[in-house]
There are 2 protein chains.
Amino acid sequence: MDAAERLFAEHGFNGTSLRQLATEAEVNLAAANYHFNSKEALYLEVIRRRIRPINQVRLDGLRQAVEQAGDAPPPLANVIDLMIRPFFEAHRDPQSGGRHIVQLLARSMTEPLPFTNKLLSDEFHSTLTRFSQVIRRHAPQLTPEEYLWRLSFVVGALQHTLGTLHQMGDLTRGICRSDDYEGTLARFVRFAVGVFTAPAD
Amino acid sequence: MDAAERLFAEHGFNGTSLRQLATEAEVNLAAANYHFNSKEALYLEVIRRRIRPINQVRLDGLRQAVEQAGDAPPPLANVIDLMIRPFFEAHRDPQSGGRHIVQLLARSMTEPLPFTNKLLSDEFHSTLTRFSQVIRRHAPQLTPEEYLWRLSFVVGALQHTLGTLHQMGDLTRGICRSDDYEGTLARFVRFAVGVFTAPAD
DNA sequence: GTCTATAGGGGGATAGAC
DNA sequence: GTCTATCCCCCTATAGAC
């Protein structure tokens, strides 16, 4: 599974063969097929294994913040932080998948594979909806349409940031640091807060 | 080439075979290989054919705006508009590649294929540098690091927006319209201007 | 330049022994 | 459950006739 995570993240679904994978993991090809039934099922399982706990943490954090805040919505910066922090934590921690799972999630959002649609919308759409309900309370000036466009901009920025985080050091000749998780997180939170609180026009 | 553009955009490089492609285009497989030498070369050619004119328009527009503005930098909203409008124009016009080339470009930024690196950095990096020089004059409050992070956020938002534009109607149950090019463009410009002009902290 | 035919190498999945 | 061996498919690329 760890090997699959890495190879799928680096080369994509179609760019990775079960043979490479079995070699890398030092397991037998037939055994792998026996356990996972098919390449598609393995791919889905690799994603599922990580996405579930991450979204659980996100939703629990949000629920807790909403309860603590009583009638008012929790501060927007907190909400954004709760929404994105688990991805950065996963990126930092190899035991949670490290950069590979984050890259793979970012990739699976961009790369439209027919069999991932259901999993991704089941796992992400409901989470995004919950967060949207809270964020919306901080952005009453926006029409639903304008809100959804801005949400799409923020999601795109997040996906791109997570997918390229490990290269930012090289891409900027050291100006941006790939290992400054708290700094990047804080920058992103300020960015997203700014986007949602900007005037409707 | 048109068939290749569509298939590569929808299924990626590894997900598209020269056979599908030859069938779709109603040409002979061997003939296609004769003209393009290899699948990689074809892929690069498909991208190159569109990226060159698009970046030419972007750079010409910028140059002209800079000349007209004299000593002052051209207004930030204009600069952003010049930077992104050509992509929306291409999306609208099937003769310029339509949504397929835009999807393919968005995809090629996410999907790291070893042989596209040189082309993409040659074509995009220099363009991005020119625009950055002008945008930077409107964002003197930002450190180089903060500027590059925000640029990365905006690029990610653009890439995601372009890649999913054709689905926005469905994804939002009709609230956002995929065919409202001027509206989306205007929203994105306001978004990006807001990001670059927001306080440093 | 364009075709048919095929070389030569993977690919995913499975049968059947252990 | 785990292995070896193999089926059968599709792939890219090319040779060689026209």
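What's counted below: heavy atoms across the whole structure, side chains too, no hydrogens, waters or symmetry copies. In what follows, chains are A, B, ... by sequence order, proteins preceding strands, each numbered from 1.
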What is the distance from [atom1] of [X] to [atom2] of [N], rounded to the nearest Å?
X	N	atom1	atom2	answer
H35(A)	dG1(D)	NE2	P	6 Å
E26(A)	dC3(D)	CD	P	12 Å
N33(A)	dG12(C)	CG	P	8 Å
F13(A)	dG11(C)	CZ	C1'	11 Å
L21(B)	dA13(D)	CG	C1'	15 Å
L18(A)	dC9(D)	CG	C1'	15 Å

Q. Are F8(A) and L21(A) close enough that some pair of their side-chain heavy atoms sits under 4.5 Å apart?
A.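 Yes. Closest side-chain heavy atoms under 4.5 Å.
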Q) What is the per-nucleotide protein-contact pattern of nucleotides 4-9 of chain C, from the 5' end, where B denotes a base atom under 4.0 Å from a protein heavy atom, S denotes such proximity for sugar-phosphate atoms only, and - denotes neither? A) B-----
Q) Run the side chain to side chain donor-acceptor pair (under 3.5 Å) check on Q167(B) and S178(B) step by step: do they pass? A) CA-CA 7 Å; Q167(B) 312 177 49; S178(B) 293; over 6 Å; no
Q.
Quick check on contacts: within residues 39-48 of chain A, what sits under 4.0 Å from DNA chain C by heavy-atom distance?
A.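 Listed by number, they are K39(A).
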**Q.** Partner residues of R85(A) under the side-chain hydrogen bond (donor to acceptor under 3.5 Å, both in side chains) criterion, sequence neighbours left out
**A.**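 Once residues adjacent in sequence are excluded, the partners of R85(A) under the side-chain hydrogen bond (donor to acceptor under 3.5 Å, both in side chains) criterion are D81(A), E182(A).
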Q | Contacts of D122(A) that satisfy salt bridge (Lys or Arg N to Asp or Glu O under 4.0 Å) - sequence neighbours left out | A |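 Listed in chain order: K118(A).
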Q) Which residue pairs pass the salt bridge (Lys or Arg N to Asp or Glu O under 4.0 Å) test when at least one of the two sits in residues 126-145 of chain B, sequence neighbours left out? A)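 Sorted result for residues 126-145 of chain B: R187(A)-E145(B).
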Q) How far does CD1 of I54(B) sit from OG1 of T127(B), to the nearest 0.5 angstrom? A)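 If I round to the nearest 0.5 Å, the distance is 10.5 Å.
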Q) Under the ring pair (Phe, Tyr, Trp, His ring centres under 6.0 Å) rule, what pairs show up with a residue in residues 150-189 of chain A, not counting sequence neighbours? A)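 Checked against ring pair (Phe, Tyr, Trp, His ring centres under 6.0 Å) - neighbours excluded - the pairs reaching residues 150-189 of chain A are H91(A)-Y181(A), F153(A)-F188(B), F153(A)-F191(B), F188(A)-F191(A), F188(A)-F153(B).
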Q.
Using OP1 and OP2 only, check whether a side-chain N or O of S17(A) sits under 4.0 Å from dG11(C).
A.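 For dG11(C), OP1/OP2 do have a side-chain N/O of S17(A) under 4.0 Å.
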Q) How about R99(A) and Q103(A): does a side-chain donor come under 3.5 Å of a side-chain acceptor? A)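 Yes.
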